[in-house]
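See structure below.
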Amino acid sequence: MQRTENKLDLADTIYRERTKLYYSQLSTTRVGAIVTSLVVTLIFYSIVPNAILFSWLFVQITIVLVRIKVTQQYQTLEYSIEKLKFWIVKNKLLSLVSGISWGMSSILFYTDQSIIYPIILSLILFGTTSATINSDASFPSIHYFYSFPVISLLSYSLLSSEIAEFQLIAFLYIVFLVVSFSYSRNSYRAVLRSIDLSLENLQLVSQLQIQKDAAVKSSKEKSEFLAGASHDLRQPMHALGLFTDALYSQNVDAKLVGTIDNIKKTSRILVSMMNSILDTSKLNAGVMRPDVTEFSIQQIFDNIEQQMSEDARSKNIRLRIVANNSMVKSDPFMLERIIRNIIGNAIRYTVIGSVFVSCRKRSDQLCVQIKDSGEGIEENRLNDIFKPFYQVESKGDKKPSGSGLGLSIVKRLADLLDHKITVQSVVNKGTTFSIFLPLIKNTRSVNLVNPEKYVGDLIGQTLLVIDDDPLILEAMTSILKKWHCEIIVAENSQQAIEKLSGTGITLDLIISDFHLSNGDTGLDAINSIRNHLQRTNADLPAIVITGDISIDQLDLSDDIYVLHKPVSPNKLRSLLSYSLLQCDEKDY
């Protein structure tokens with residue numbers, strides 16, 4: 001009898017912990033629902049009749065308001081297990097209603113005017129469904145209630161179309177629905193394991209120590225889970241970027257080019273926010289470790305200037321970088337992230353004027369300064385800007401975009417590298433960040449590749465693409481064919497060797513995902529294919545694409561380059577041109 005009661009108490013405790021975890025995700029999902037609904041309304045404003053469009057928007061806002069009301073009830077519950085279960089039932093029903101309303105949008109908003117709009121809406125629905133896998137991890141049935149009607153109605157809409165490609169996409173979405181159910185169950189098991197481990201510790205130490213250890217352990221496990229899932233989370237964003245760029249190769253109306261540009265900009269913002277969240281999780285989980293070397297600071301600024309000049313130009317802000325070839329000692333990848341985050345923040349908060357970056361030698365240190373002419377920060381707020389999710393209130397009409405994690409990541413990376421950072425600011429005049437780096441007097445350094453300077457002709461180049469994700473293979477094929485490359489695709493090295501055997505094809509380069517099925521890696525696949533073809537490393541260059549930042553620590557040869565998901569098509573093309581050029585030069 002006592003054992004039965006203990007099991008019931010344990011089950012109730014686990015249920016409470018699952019409910020608490022689900023509740024902690026609600027504020028983010030509500031904001032995301034409102035923002036996404038408004039974005040959809042703006043996109044389809046000139047396409048869908050206003051009566052239908054605004055009626056749908058009214059339903060979405062009503063659902064969110066009801067969910068907010070239900071969410072507030074959580075605070076008033078007396079922690080009764082029966083009340084908690086009834087509260088979860090309400091959320092399941094609301095998820096079902098929300099899923100039906102979002103799924104109906106694919107039918108109500110369908111138009112034959114252009115293929116762009118159905119594709120845009122399907123990508124949005126795909127993104128919202130993917131997001132619920134993580135937010136509803138503690139109650140997978142809530143994810144089922146939302147995703148099933150969304151994907152079912154979306155697939156029905158695409159299948160009803162006379163466009164054959166839409167019918168194929170509908171089939172892929174059905175496959176995605178099944179896979180998402182599996183991911184949801186795996187996430188749920190991970191949550192249960194995390195809760196079980198926390199509860200086991202309650203029996204080992206005093207009550208006060210138990211609560212402290214459980215909080216620390218729970219936080220770390222969540223971070224490790226998110227860090228470990230980095231590859232899976234980056235995968236759809238990687239595909240989204242490739243598919244968006246592929247739209248440019250379609251014969252679309254000139255009026256839609258602006259819409260596609262807005263999708264690309266929105267995708268970049270989403271990628272930036274996801275990278276910030278994943279980097280924070282990696283820092284929390286302790287999987288980010290510096291790889292310190294000696295290099296020229298100029299190489300970092302070359303990369304940053306090309307990446308961020310477009311952001312500055314879009315705001316009519318001048319970005320000026322005056323660097324030099326000073327040698328410093330640091331982790332080049334972490335240092336570039338620090339400087340890029342600060343410059344990005346400076347551009348975001350500068351309305352009129354410029355952002356000026358300079359380097360000054362001070363004894364045995366190099367001082368990198370980023371100075372903007374923005375709104376400035378009050379002195380009593382300077383210590384707060386490095387806190388997670390803190391954002392300086394803007395005096396403009398628009399709230400600055402971003403996750404509020406950029407400067408928090410800057411501070412934590414600087415602490416890892418033991419780099420001092422100072423900040424000075426004057427309200428209405430601007431802000432200056434200073435980063436102090438160890439200065440190296442000798443001239444020997446690691447040559448950091450800046451492939452984005454290389455944009456060569458890829459016509460007729462034969463490339464082998466290896467990835468076990470059909471969506472990625474489809475996206476890569478679309479992009480590479482746009483660049484007039486000859487493509488061979490395979491899910492693993494064995495399939496690739498079978499396709500190459502006896503064909504007489506001369507392969508120019510291999511592109512492989514790092515994590516393949518059955519525990520194989522892209523490095524294993526590349527080596528197997530090189531050995532089979534009896535080609536040397538220098539003769540057959542290769543690129544590894546990964547969502548795992550820890551691959552930076554691998555001992556790769558000069559002929560294997562690394563790109564981190566999500567990969568921009570421009571960066572991919574530049575690295576292809578660079579690696580093929582290097583191979584050609586070695587032949588002479």
Side-chain angles (χ1 to χ4, degrees), residues 15 18-19 21-23 25-26 28-30 32-37 39-40 55-57 59-64 66-67 70-71 85-110 118-161 166-192 229 232-233 235-237 239-240 469-471:
Y15 195 92
R18 290 168 57 199
T19 308
L21 179 59
Y22 174 72
Y23 173 78
Q25 304 283 344
L26 291 179
T28 302
T29 57
R30 303 299 173 260
I34 288 290
V35 172
T36 307
S37 300
V39 169
V40 170
S55 296
W56 176 84
L57 179 60
V59 171
Q60 295 303 318
I61 294 176
T62 302
I63 292 172
V64 172
V66 173
R67 300 188 82 162
V70 172
T71 302
K85 289 181 178 180
F86 183 64
W87 185 77
I88 290 296
V89 169
K90 290 181 181 179
N91 281 281
K92 289 180 181 179
L93 293 176
L94 287 170
S95 290
L96 177 62
V97 174
S98 179
I100 293 173
S101 63
W102 274 104
M104 285 299 298
S105 67
S106 63
I107 298 175
L108 296 173
F109 300 169
Y110 184 84
I119 290 176
I120 292 173
L121 186 57
S122 66
L123 289 175
I124 291 174
L125 296 179
F126 170 77
T128 59
T129 304
S130 300
T132 60
I133 296 175
N134 186 54
S135 62
D136 299 335
S138 54
F139 288 97
S141 56
I142 296 180
H143 167 69
Y144 304 157
F145 275 52
Y146 176 83
S147 59
F148 183 80
V150 170
I151 300 301
S152 298
L153 292 171
L154 173 60
S155 300
Y156 171 80
S157 175
L158 294 174
L159 286 171
S160 302
S161 171
F166 280 5
Q167 297 174 2
L168 174 61
I169 294 174
F171 171 75
L172 294 176
Y173 276 132
I174 294 172
V175 173
F176 162 74
L177 179 64
V178 176
V179 173
S180 75
F181 284 1
S182 175
Y183 272 111
S184 182
R185 292 296 301 175
N186 290 338
S187 299
Y188 172 66
R189 294 189 188 102
V191 168
L192 289 183
D232 295 327
L233 291 172
Q235 196 82 338
M237 292 306 305
L240 175 60
D469 189 325
L471 279 177

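Positions are given from 1, in the same order as the sequence printed here. What you see below is based on every heavy atom in this structure, not just the backbone, and it leaves out hydrogens, waters and symmetry mates.
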Of all residues at least two apart in sequence or in a different chain, which pass the side-chain contact (heavy atoms from CB on, under 4.5 Å) check with [X]?
X: T62; result: F58, V66
X: V89; result: L93
X: V178; result: none

When rounded to the nearest 0.5 angstrom, what distance separates [atom1] in [X] from [atom2] in [Y]?
X: I169; Y: I174; atom1: CD1; atom2: CD1; answer: 12.5 Å
X: I142; Y: S98; atom1: CD1; atom2: OG; answer: 12.0 Å
X: W56; Y: W102; atom1: CH2; atom2: CH2; answer: 3.5 Å
X: R185; Y: Y144; atom1: CZ; atom2: OH; answer: 5.0 Å
X: Q167; Y: L172; atom1: CD; atom2: CG; answer: 12.5 Å

Quick one, [X] and [Y] - any side-chain contact, counting heavy atoms below 4.5 Å?
X: Y22; Y: I88; result: yes
X: F145; Y: N91; result: no
X: L177; Y: S147; result: yes

Partners of [X] by ring-ring contact (aromatic ring centres under 6.0 Å, His included), sequence neighbours excluded?
X: Y23; value: Y74
X: Y15; value: F139
X: Y188; value: none

Residue pair S141 / K92: nearest heavy atoms and the distance that separates them: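 For S141 and K92, the tightest heavy-atom pair comes out as OG-CE, 2.9 Å.
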One pair to check against side-chain contact (heavy atoms from CB on, under 4.5 Å): M104 and V59. What are the steps and the verdict? CA-CA 11 Å; M104 285 299 298; V59 171; over 6 Å; no
Verdict with supporting geometry, I133 and S187, side-chain contact (heavy atoms from CB on, under 4.5 Å): CA-CA 8 Å; I133 296 175; S187 299; 4.1 Å; yes
Using the side chain to side chain donor-acceptor pair (under 3.5 Å) rule, take H143 and S184 through it: C-alpha gap first, then chi angles, then the decisive distance, then the call. CA-CA 8 Å; H143 167 69; S184 182; 4.8 Å; no
Got a list of side-chain donor-acceptor pairs under 3.5 Å for residues 119-128, not counting sequence neighbours?
unit_1	atom_1	unit_2	atom_2	d
S122	OG	P118	O	3.2
S122	OG	I119	O	2.8
S122	OG	Y173	OH	3.4
T128	OG1	I124	O	3.4
T128	OG1	L125	O	3.0
T128	OG1	Y146	OH	3.2

Identify every side-chain donor-acceptor pair in residues 148-157 under 3.5 Å, counting partners at least two apart or on other chains, and give the distances.
unit_1	atom_1	unit_2	atom_2	d
S152	OG	F148	O	2.6
S155	OG	I151	O	2.8
S157	OG	S106	O	2.8

Output all residues satisfying side-chain hydrogen bond (donor to acceptor under 3.5 Å, both in side chains) with [X], sequence neighbours left out; order by chain, then residue number.
X: R189; answer: N186
X: S161; answer: Y110
X: K85; answer: none
X: S101; answer: Q60

Under 3.5 Å donor-acceptor, T132 side chain and T129 backbone: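 Checked: pair present.
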